[in-house]
Amino acid sequence: MYGCHPVSPKNLIPMNSTLALLKDRLQTALVAAFGPELADADPVLVPASNPKFGDYQANGAMGLAKRLGLSPRAIASQLLNHLDVADLCDPPEVAGPGFINLRLKTAYLEAQLKAIQSDPRLGVAPVPNPKRVIVDYPSPNIAKEMHVGHLRPCVIGDALARILEFLGHNVLRLSHIGDWGTPFGMLIAYLREAYPDALVSGKLDLGDLATFYRAAKKRFDEDATFQEAARLAVVQLQAGDPETIQAWKIVCDLSNRTNRKIFDLMGLSPQIQERGESFYNPFLPDVIAELDRLGLLVEDQGAKCVFLEGFTNKEGKPLPLIVQKSDGGYNYATTDLAAIRYRVTEDRVQRVIYPVGAEQTNHFTQIFQVGKRAGWITDETEFVHTPLGNILGEDGKKLKSRSGEAARLVDLLEEAIARARADLETRLTDENRTETEDFIANVGQVVGIGAIKYADLSQNRTSSYIFSYDKMLALQGNTAPYMLYAYVRVQGISRKGGVDFEALGADSPILLQDESEFALAKSLLQFDEVLSAVEADLLPNRLCEYLFDLSKTFNQFYDRCPILQADEPQRTSRLILADLTARTIRLGLSLLGIQVLERM
RNA sequence: GCUCCAGUAGCUCAGCCGGAUAGAGCAAUUGCCUUCUAAGCAAUCGGUCGCAGGUUCGAGUCCUGCCUGGGGCGCCA
């Protein structure tokens with residue numbers, strides 16, 4: 001047993017958050033210099049705006065000038081008298097109106113890198129107080145195929161889930177699929193009509209989902225009798241009629257399998273659990289009853305509503321959130337409220353993240369308001385809607401397929417793969433290389449899927465972006481292929497030099513001499529700071545930006561510093577830097593849900 | 001009408017609690033492969049941060065108004 005999970009030295013390495021460490025020192029110095037009432041003062045430590053100012057700068061002195069009745073420069077220099085950072089930094093300096101510039105010591109950088117070298121987490125410590133987190137995965141209506149609209153929620157939600165999980169949180173991935181409601185009446189009615197055998201054999205060809213839906217829709221639009229049958233099916237479904245439930249299950253299963261296939265193709269976490277609308281169905285009457293008991297429920301025009309604070313309709317009157325329709329049916333607000341309640345009371349969740357389109361901002365504000373007023377959402381639980389911009393076509397409008405409908409997700413993915421593959425094949429011809437079909441297919445898939453996901457993630461999630469295969473697959477710029485190439489370059493060194501990175505001496509020193517080595521070292525040590533930032537503001541594009549910056553810095557290093565031809569001990573030192581870069585890229589991309597390649 | 005979001009280089013976008021001279025990529029122009037994959041590197045060019053006020057030591061960032069674009073606004077999700 002001993003050998004299976006050795007107590008690795010990583011557990012002994014202190015958290016590599018240089019930023020946090022320095023901030024702590026600055027705060028201590030503030031109190032030492034100006035007294036305990038300064039304990040709450042923020043030294044405003046941020047990365048330096050310009051390399052000539054060092055690595056970090058503390059801007060706090062300016063803000064404290066009024067409070068302390070001293071000039072910012074005087075505050076800064078007094079603070080410096082009490083600041084002990086000799087183990088981390090060169091002697092700090094006061095600059096400009098009162099900035100404190102901090103430059104990390106070479107020996108400190110070298111030691112930190114050395115510590116990270118043997119750490120699979122690359123210096124990223126798990127959070128001290130893990131939370132129970134739910135990430136809401138997109139809710140494709142089970143009755144329809146997934147389309148462009150599902151791309152961002154899937155990709156961004158999956159990345160956030162991976163990042164939070166890596167940081168040590170207990171993440172529950174829930175797909176809130178639309179597996180209940182009126183569209184099912186139509187599908188069940190059509191199933192009965194067109195595939196009566198299916199109810200007996202339980203068989204239906206998977207590929208038929210789209211056509212199945214279209215055919216059902218066509219019947220529904222054309223035939224009043226069929227509409228009546230569909231409505232009847234809904235009633236039977238809600239009444240729990242066994243035969244109808246069975247038909248419903250067949251349709252759900254059909255859709256789930258199709259969606260799973262797309263999830264797999266996209267490389268989404270396999271841990272996604274389906275917890276659709278039908279799951280919350282039994283709780284809906286309780287939600288209404290509880291709202292009523294709390295005195296929040298008002299009946300208006302036959303519908304049961306909660307009137308919202310701060311929302312008005314076109315006439316300027318308070319806007320209701322309808323939780324039970326006048327016909328007695330429930331709507332998505334009811335389901336979402338039931339989900340909030342369940343997540344708090346049963347899942348005991350502390351943070352719920354909804355990566356959903358920005359157009360639903362009002363909806364979330366409204367249900368969160370009701371959730372708070374009902375006492376389900378408290379200060380202990382954070383329900384957060386992370387609004388997403390739309391994916392637009394080249395014309396700046398919502399991306400459509402040629403036929404004018406929302407583009408099918410699977411088509412986008414396959415097109416990206418096909419283009420990535422074609423790019424590779426062109427290159428193979430140009431370079432007179434031959435590769436196996438397996439190699440070509442794999443590179444095509446990894447690059448294609450990686451490119452499409454990275455393009456999505458690298459954009460600030462709040463804003464819409466224009467979908468362009470040419471840009472996402474471009475070999476230069478902030479794209480997945482650029483990052484993959486930096487990774488491949490390192491693996492190329494390993495192959496060429498017959499170097500086993502894992503066997504690189506634990507006692508070989510890291511030596512930073514060239515400017516590009518310093519830049520790379522500093523970039524490598526910022527990984528944990530970036531992940532903390534993403535944890536806080538849920539913007540994966542920050543991680544993308546970091547990885548792009550790291551890759552650029554690496555390419556500069558690669559260009560300026562020969563590695564295999566260098567003399568020892570520089571050779572090993574540079575090999576370690578290269579390896580750390582590759583591992584950071586691999587880990588970083590994996591947290592974004594993107595795979596790497598050893599060759600491409 | 002109310003409300004939310006956006007407006008930064010020719011194009012696509014970053015810009016963290018307000019900090020020093022606003023940053024990338026693409027495009028354009030120009031150098032660098034007998035040397036670890038040139039899918040790279042270096043350099044040049046490019047800005048009234050939508051407009052007008054305000055807050056203060058300091059504003060792309062905060063406040064007010066306006067302009068432009070997009071979304072949402074009672075039984076769809």
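None of the values given here were measured: they were computed from a predicted structure. The sequence lines fix the lettering, A, B, ..., with proteins before strands; numbering per chain opens at 1.
- The side-chain ring of A/F53 is stacked on the base of B/A20, judged by centre separation under 5.5 angstrom and plane angle under 30 degrees.
- Contacts of A/G492 with the nucleic acid, taken as non-hydrogen atoms under 4.0 Å apart, involve only primed sugar atoms and P, OP1 or OP2.
- Enclosure of atom CD in A/E502 is not indicated, since only 12 or fewer non-hydrogen atoms of other residues, nucleotides or ligands lie within 6.0 angstrom.
- At a threshold of 4.0 angstrom between heavy atoms, the contacts of A/N460 are confined to the sugar-phosphate backbone, with no base atom among them.
- Which of B/C17, B/A14, B/G40 sits closest to the side chain of A/D42 comes down to B/C17.
- Distances shown here put a side-chain N or O of A/K325 below 4.0 Å from the OP1 or OP2 atom of B/C76.
- Annotation: salt bridge (charged side-chain N to carboxylate O under 4.0 Å, His left out) contacts involving residues 534-545 of chain A, sequence neighbours excluded, comprise A/D537-A/R542.
- Residues satisfying the ring-ring contact (aromatic ring centres under 6.0 Å, His included) criterion with A/F220, sequence neighbours excluded, are absent altogether.
- At distances below 3.5 Å, not a single donor-acceptor pair connects side-chain atoms of A/S523 with backbone N or O atoms of A/A519.
- The shortest distance between the side-chain N/O atoms of A/T365 and the OP1/OP2 oxygens of B/U3 is not below 4.0 Å.
- Taking the O4'-C1'-N9-C4 or O4'-C1'-N1-C2 dihedral as appropriate, B/C16 has a value more than 90° from 0 and is therefore anti.
- Without hydrogens or angle criteria, A/S464 side chain to A/I391 main chain gives no donor-acceptor distance under 3.5 Å.
- Nearest-nucleotide positions on RNA chain B place A/T361 closer to the 5' end than the other of A/S494 and A/T361.
- Between the side chain of A/S573 and the backbone N or O of A/L511 there is at least one donor-acceptor pair closer than 3.5 Å.
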Return one dot-bracket line describing RNA chain B 5' to 3' (Watson-Crick or G-U wobble pairs, both distances under 3.5 Å; ( ) same strand, [ ] crossing, | another strand, . none). (((((((..((((.....[...)))).(((((.......))))).....(((((..]....))))))))))))....
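- Using a 4.0 Å heavy-atom distance criterion, A/G389 is classed as making no nucleic acid contact.
- Residue A/A303 has its side chain nearest to B/C75 when only B/C75, B/C13, B/C36 are considered.
- Among the protein residues, A/S464 comes within range of the sugar-phosphate backbone only, with heavy atoms under 4.0 Å from sugar or phosphate atoms but none that close to a base.
- Judged by distance alone with a 3.5 Å cut-off, a donor-acceptor contact links the side chain of A/Q57 to the base of B/A20.
- Nucleotide B/G19 holds its P atom 15 Å from the CG atom of A/N101, rounded to whole Å.
- For residues 302-320 of chain A, the set of pairs meeting the side-chain hydrogen bond (donor to acceptor under 3.5 Å, both in side chains) definition, not counting sequence neighbours, is empty.
- Note on A/V488: a base of the nucleic acid sits closer than 4.0 angstrom, heavy atoms only.
- A heavy-atom distance below 4.0 Å to RNA chain B is reached by these residues of residues 468-476 of chain A, ordered by number: A/K471, A/L475, A/Q476.
- One interatomic measurement links the two molecules: OH of A/Y558 to P of B/U35, which rounds to 11 Å at whole-angstrom precision.
- Shown here are the ring-ring contact (aromatic ring centres under 6.0 Å, His included) partners of A/F548, two or more places apart in sequence or in another chain: A/Y482.
- Within 4.0 Å (heavy atoms only), A/P320 reaches at least one base atom of the nucleic acid.
- In B/C49 the base sits anti relative to the sugar, since the glycosidic angle is further than 90° from 0.
- Summarising the geometry, the separation between CZ on A/R560 and C1' on B/U35 is reported as 17 Å, rounded to the nearest angstrom.
- The CG atom of A/D514 sits 12 Å away from the P atom of B/A42 (whole-angstrom rounding).
- Distances shown here put every side-chain N or O of A/R574 at or beyond 4.0 Å from the OP1 or OP2 atom of B/C36.
- Side-chain nitrogen and oxygen atoms of A/N555 include at least one within less than 4.0 Å of the OP1 or OP2 phosphate oxygen of B/C41.
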Protein-nucleic acid N or O pairs under 3.5 Å, nucleotides 69-73 of chain B:
from: B/G72; atom 1: O2'; to: A/N362; atom 2: ND2; distance (Å): 3.1

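- A side-chain donor-acceptor contact under 3.5 Å links A/N478 and A/Y454.
- When each of B/C41, B/G19, B/C16 is scored by its nearest atom to the side-chain atoms of A/D559, the top-ranked nucleotide is B/C41.
- Across all strands, A/C561 comes closer than 4.0 Å to base atoms (heavy-atom distances).
- Residue pairs satisfying the side-chain hydrogen bond (donor to acceptor under 3.5 Å, both in side chains) criterion with at least one member in residues 62-72 of chain A, sequence neighbours excluded, are listed as follows: A/D40-A/R67.
- Taking the centre and axis of the six-membered ring of A/F439, the NZ or CZ atom of A/R599 falls inside the cone set by 45° and 6.0 Å.
- Below the 3.5 angstrom threshold, one finds no donor paired with an acceptor across the side chain of A/N59 and the base of B/G18.
- Residue contacts shown for A/A95 include a base, since a base heavy atom lies under 4.0 Å away.
- With B/A20, B/C57, B/C13 as the choices, the nucleotide that has an atom nearest any side-chain atom of A/M62 turns out to be B/C57.
- Side-chain N/O atoms of A/N331 include none lying less than 4.0 angstrom from OP1 or OP2 on B/G74.
- Each salt bridge (charged side-chain N to carboxylate O under 4.0 Å, His left out) pair with one or both residues in residues 318-329 of chain A, not counting sequence neighbours, would appear here, but there are none.
- A/D336 comes within 4.0 angstrom of no nucleic acid atom, judged by non-hydrogen atoms across all strands.
- Between the A/S463 side chain and the A/N460 main chain, a donor and an acceptor come within less than 3.5 Å of each other.
- A search for side chain to side chain donor-acceptor pair (under 3.5 Å) contacts involving A/Q513 returns A/Q570, not counting sequence neighbours.
- Side chain of A/T462, nearest nucleotide from B/C5, B/A20, B/C36: B/C5.
- Side-chain N/O atoms of A/Y454 include none lying less than 4.0 angstrom from OP1 or OP2 on B/G25.
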Protein and nucleotides 22-24 of chain B: nitrogen or oxygen contacts under 3.5 angstrom:
from: B/A24; atom 1: O2'; to: A/K552; atom 2: NZ; distance (Å): 3.2

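- Heavy atoms of A/Q324 sit nowhere under 4.0 angstrom from any nucleic acid atom.
- By the side chain to side chain donor-acceptor pair (under 3.5 Å) test, A/S278 is found to be paired with A/D179, residues two or more places apart in sequence or in another chain being considered.
- Residue-environment remark: CD (A/Q595) stays at or below the threshold of 12 foreign heavy atoms within 6.0 Å.
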